[in-house]
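Chain A is the first sequence line, chain B the second, and so forth, proteins listed ahead of strands; every chain is numbered from 1.
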Protein chains: 2
Amino acid sequence: MDVSPDFDVQLGRDGVALTVRDRELLAAIDEDGSLNAAAESLGRSYAHAQRRVVELEDAFGSLVDRSRGGGGGGGSELTDRARELLATFDRVRAEFAGVAETDETVLSGRVIDRDGELATVETAAGRIRAVTPPDCTEVGVTIRADAVTLNRPAEAPEPGGTSARNRFEGEVVGVDHGETLARVTVAVEPGLHLTALVTVESIERLGLTPGTAVVATFKATATRAVARAES
Amino acid sequence: MDVSPDFDVQLGRDGVALTVRDRELLAAIDEDGSLNAAAESLGRSYAHAQRRVVELEDAFGSLVDRSRGGGGGGGSELTDRARELLATFDRVRAEFAGVAETDETVLSGRVIDRDGELATVETAAGRIRAVTPPDCTEVGVTIRADAVTLNRPAEAPEPGGTSARNRFEGEVVGVDHGETLARVTVAVEPGLHLTALVTVESIERLGLTPGTAVVATFKATATRAVARAES
DNA sequence: CGGCGTTGTATCGTCTATGGCACAACGCAA
DNA sequence: TTGCGTTGTGCCATAGACGATACAACGCCG
């Protein structure tokens, strides 16, 4: 169907949400040294920017040290708290961006056992442990490519020795080289592929080429199931 | 600082974005069998709902089979494509929700080597391979708890045998039991903790209690660095 | 002491998203 | 043929977000 997932991040606190727009504003204040110049350089109204800063400080605490009068008329500067806030915003945004970018393999299956948030799902590829919402049996299981680690069969950890609850033996059927990252397609059942995102360094180290036998492992806590329309 | 990350998902296509609101609308149409009743039950205006459906179909193709006149005056029904769209929307949303929920450990460090998207970051815990944006040396590395797998030292995969590029030996210092999931805190350096999200099943299987020696591994492709303010 | 560029504050106009409403078109059933 | 509940369409009202403008307060500096 070819849709592109997109997202908006916000950092919430006390009912106020710091959005991308706010992030830009704070960054511009940091850059320009004054609330006025920041609004100007962003093409926004000073009045609104000022009100917004007050609003944000109401919820997040002191963010901008503002002073009026004095040499040059005054100016503004970000507090350490504001910088910290920007940093966590960027971190969160980077995480989300990672999710939006990396592709995933989706398997449909049926919940055959459940224990709180965790369920065992029977799929065409075998049984998968995944985080599952309550009250659903027909589910789609999504496995993000960056969550799948590939191991040489001889050195793959035994199920009892690792916290990776899902383990599938398979054979590499395709390697899609990027510059430094590569998508590896692993056949775990005839006609059933799992894709893993690994570094080209790993490709070379493990000697991954079509035909190579590998063991793919991924954690139950990194695997999510969602209810599937029973149409 | 105690902020709560939040997000809005959308599925984009041809410049139109299918939002949560649209998802609700389509679901209501599916439920109520008519566009009219759907708008009613959602407390929205029919006019706007109808126009929105047309807008969406402009971008996504046929979504709602609508018929007017006839027994009961007509009615509407979702197409298979619409159902598929809802399913992928839910999957994407579940992925994002997972990211927003699971906590992460953040390490600050310096890029000491770089190869395209991938960089080696020197941190207090050691060297970490992570996906890194271009043009930054002072970075914060974030490691999501659900991306960290714990292994028994004896059975931990050798660096050469796995695609998990990051590997740290440490000692369990805390286990925060949930119902079926648990957060395990691992000290990889004195005073430097890494948290992993694992199932309680794994806790028992690996015998994880404070003092247990473990090897924590996580993939470079699941680890992201972001530029840090050099204040 | 006046100038200057800033911060604060109030008010107004605009744009956009949305609900409210009116009315035509439709097609089956009584 | 009439009634009915739906879809389709146009127009207006409302609310919120935001820019534009104006003006007071501030405090160093020449």
Sorted by first residue and then second, give each salt bridge (Lys or Arg N to Asp or Glu O under 4.0 Å) pair with at least one member in residues 177-194 of chain A; sequence neighbours left out. A/Asp103-A/Arg183, A/Asp176-A/Arg183

Using a strict cut-off of less than 4.0 Å between a Lys/Arg side-chain nitrogen and an Asp/Glu carboxylate oxygen, indicate whether [X] and [Y] qualify as a salt bridge.
X	Y	value
B/Arg91	A/Glu104	yes
A/Arg165	B/Glu201	yes
B/Glu55	B/Arg52	yes

Rounded to whole angstroms, how far apart are [atom1] on [X] and [atom2] on [N]?
X	N	atom1	atom2	result
B/Arg52	D/dG8	CZ	C1'	18 Å
A/Glu55	C/dT9	CD	P	13 Å
B/Asp65	C/dC26	CG	C1'	17 Å
A/Arg44	D/dT21	CZ	P	18 Å
A/Leu42	D/dC18	CG	C1'	14 Å

Kindly point out which of C/dT9, C/dC26, D/dG19 is positioned nearest to the side chain of A/Ser45? D/dG19

Side chain of A/Arg68, heavy atoms from C-beta onward: which of C/dT7, C/dG19, D/dT7 has the nearest atom to it? C/dT7

Taking the nucleotide of DNA chain D with the nearest heavy atom to each, does A/His48 or A/Gly72 sit closer to the 5' end? A/His48

Relative to the 5' end of DNA chain D, which residue comes earlier, A/Gly70 or B/Gly74, by the nucleotide with the nearest heavy atom? B/Gly74

Do A/Arg110 and A/Thr137 have a side chain donor and acceptor closer than 3.5 Å? no

Do the side-chain N and O atoms of A/Thr149 and A/Thr217 include a donor-acceptor pair separated by under 3.5 angstrom? yes

Is A/Leu78 close to A/Leu63 at the side-chain level, that is, under 4.5 Å between some pair of heavy atoms? no

Identified salt bridge (Lys or Arg N to Asp or Glu O under 4.0 Å) partner of B/Arg83 from the options B/Asp30, B/Asp65, B/Asp90: B/Asp30

Sorted by position of nearest nucleotide on DNA chain C, 5' first, the leading residue of A/Ser67 and A/Ala47 is A/Ser67

So A/Arg21, base contact, sugar-phosphate only, or nothing? Heavy-atom distance under 4.0 Å. sugar-phosphate

Pick base, sugar-phosphate or nothing for B/Arg51, based on heavy-atom distances below 4.0 Å to the nucleic acid. base

It should be established whether [X] places a side-chain nitrogen or oxygen under 4.0 Å from OP1 or OP2 of nucleotide [N].
X	N	answer
B/Gln50	D/dT7	no
B/Ser76	D/dT7	yes
B/Arg66	D/dG8	yes

Give a yes or no on whether A/Glu31 atom CD has more than 12 heavy-atom contacts from other residues, nucleotides or ligands under 6.0 Å away. no

Any residue of residues 24-39 of chain A with a heavy atom less than 4.0 Å from an atom of DNA chain C: A/Ser34, A/Leu35, A/Asn36

When the C1' atoms of the five terminal pairs at each end define the local axes, what inter-axis angle does the helix from C/dC1-D/dG30 to C/dA30-D/dT1 show, to 10 degrees? 20°

Would a distance-only check, ignoring hydrogens and angles, find a side-chain to backbone donor-acceptor pair under 3.5 Å from A/Glu57 to A/Val64? yes

